[in-house]
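Structure first, commentary second.
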Amino acid sequence: MMYDQYAALIFDMDGTLVDSGQLHEYAWTATLNKYGIPIDRLLMRSLAGVPTKGTIEILLEKFGITATASLDEMNDFKEQAVHDSMHLYVKPTALIDVAQRYHGKKPMAIGTGAYTEEANKILALCGLDKYIDVVVGADQVQNPKPAPDTFLRCAELLGIDPAQCVVFEDSKLGLQAAASAGMAGIDVLLVHAIENDYFL
């Protein structure tokens, strides 16, 4: 088995274990249109994995826009759009096979840029919650990806040495976070042909 040498498996959620690209594209499009922020598809794709507020800050700076609402208001609007429509869009990716194979044999965690409550709901909708021992969302760490905090927190909660963990990621920022955490990183597009259909 290809991941037998690791003591624990850590998955990013969106675009990795969960096919949610269309959900977030829908929610972002609604949010950016509401607050008059241009939609640059290539830029949005490059920011996959960056938490909502961080993404908005980058967009405002890039386009030289003065915000018409607070970061909190825009964040809440986007989160509400995700919450209201997640049941229409999310499903497991082919990586569910890996989770099923190691279920009960190795501890598994989710390390995501989404908020923990949202992540738990999405995992439950996809029937993935039964495979996952720990969920670490952006609200649990000081510094989100590409900082290593998210994945280090996963290892800490699982009780596993970071060097014994393997991380599955779909974004460059996530793979950078895994490397900074001293963990092996698997690019799910290259290794498992999983493509995040987000602002393609």
Side-chain angles (χ1 to χ4, degrees), residues 2-3 8-32 39-52 54-55 75 77-103 106 108-139 144-146 150-151 154 166-178 184-200:
M2 59 193 308
Y3 302 114
L9 281 63
I10 302 174
F11 300 91
D12 170 50
M13 186 177 71
D14 294 308
T16 300
L17 193 57
V18 174
D19 180 348
S20 58
Q22 290 302 293
L23 168 64
H24 289 283
E25 183 171 332
Y26 163 79
W28 269 120
T29 300
T31 304
L32 298 180
I39 296 171
D40 179 329
R41 299 182 74 83
L42 201 61
L43 177 59
M44 290 304 293
R45 187 162 175 81
S46 76
L47 295 173
V50 177
T52 302
T55 298
N75 178 78
F77 182 88
K78 195 245 174 183
E79 294 304 312
Q80 193 62 48
V82 167
H83 181 268
D84 291 346
S85 55
M86 63 173 63
H87 63 286
L88 300 172
Y89 292 103
V90 296
K91 58 184 183 287
T93 67
L95 215 54
I96 190 175
D97 293 346
V98 174
Q100 288 171 333
R101 181 183 302 163
Y102 289 104
H103 180 48
K106 294 183 188 292
M108 291 185 268
I110 290 283
T112 177
Y115 296 115
T116 308
E117 185 183 355
E118 176 188 308
N120 282 322
K121 284 179 186 162
I122 287 174
L123 292 168
L125 275 173
C126 293
L128 291 164
D129 51 332
K130 60 180 170 284
Y131 303 116
I132 303 299
D133 301 292
V134 164
V135 176
V136 175
D139 50 303
K145 305 172 195 177
T150 301
F151 296 139
C154 287
V166 60
V167 172
F168 298 84
E169 264 285 358
D170 69 306
S171 74
K172 288 185 175 64
L173 291 175
L175 290 166
Q176 191 181 325
I186 303 296
D187 183 327
V188 297
L189 175 59
L190 289 179
V191 180
H192 291 278
I194 292 166
E195 180 154 27
N196 186 4
D197 58 343
Y198 178 67
F199 285 106
L200 282 177

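Hydrogens, waters and symmetry mates are skipped; everything else that's a heavy atom, side chains included, is used.
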4.5 Å side-chain heavy-atom contact, Thr55 and Met44: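 Yes, their side chains come closer than 4.5 Å.
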
Side-chain heavy atoms of Leu123 within contact of Val18, under 4.5 Å: yes

State the [atom1]-[atom2] distance between [X] and [Y], to the nearest 0.5 angstrom.
X: Leu128; Y: Ile96; atom1: CG; atom2: CD1; value: 5.0 Å
X: Lys78; Y: His83; atom1: NZ; atom2: NE2; value: 13.5 Å
X: Ile10; Y: Thr150; atom1: CD1; atom2: OG1; value: 10.0 Å
X: Glu169; Y: Asp187; atom1: CD; atom2: CG; value: 9.0 Å
X: His192; Y: Leu95; atom1: NE2; atom2: CG; value: 5.5 Å
X: Cys154; Y: Ile132; atom1: SG; atom2: CD1; value: 9.5 Å

According to ring-ring contact (aromatic ring centres under 6.0 Å, His included), who are the partners of [X], at least two apart in sequence or on a separate chain?
X: Tyr115; value: none
X: His103; value: Tyr131
X: Phe11; value: Phe168

Salt bridge (charged side-chain N to carboxylate O under 4.0 Å, His left out) with Glu79: which residues, sequence neighbours excluded? none

Which residues satisfy the side chain to side chain donor-acceptor pair (under 3.5 Å) test with Asn196, sequence neighbours excluded? Asp170

Val167/Asp12 under side chain to side chain contact (heavy atoms under 4.5 Å, CB included): CA gap, chis, key distance, verdict: CA-CA 7 Å; Val167 172; Asp12 170 50; 5.9 Å; no

Of all residues at least two apart in sequence or in a different chain, which pass the side chain to side chain contact (heavy atoms under 4.5 Å, CB included) check with [X]?
X: Lys106; value: Leu9, Tyr102
X: Asn120; value: Thr116, Val135
X: Thr29; value: Glu25, Asn33, Ile39, Phe199
X: Pro144; value: Pro51

Using every non-hydrogen atom in the two residues, find where [X] and [Y] come nearest and quote the distance to one decimal.
X: Leu23; Y: Val82; answer: CD1-O, 3.8 Å
X: Ala114; Y: Asp14; answer: CB-OD2, 4.2 Å
X: Leu173; Y: Ala48; answer: CD1-O, 4.2 Å
X: Val188; Y: Gly15; answer: CG2-O, 4.1 Å
X: Tyr198; Y: Gly21; answer: CD1-O, 3.5 Å

Which pairs count as side chain to side chain donor-acceptor pair (under 3.5 Å) when at least one residue sits in residues 85-96, sequence neighbours excluded?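 Residue pairs with at least one partner in residues 85-96: Asp19-Lys91.
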
Write out all pairs satisfying salt bridge (charged side-chain N to carboxylate O under 4.0 Å, His left out) with one or both partners inside residues 191-200, taking only residues at least two apart or from two chains. Arg45-Glu195

Hey, could you give me each pair passing salt bridge (charged side-chain N to carboxylate O under 4.0 Å, His left out) that has a residue in residues 119-137? Not counting sequence neighbours. Glu117-Lys121

Is atom CG of Leu190 surrounded by more than 12 heavy atoms (other residues, nucleotides or ligands) closer than 6.0 Å?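 Atom CG in Leu190 is crowded, with more than 12 foreign heavy atoms closer than 6.0 Å.
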
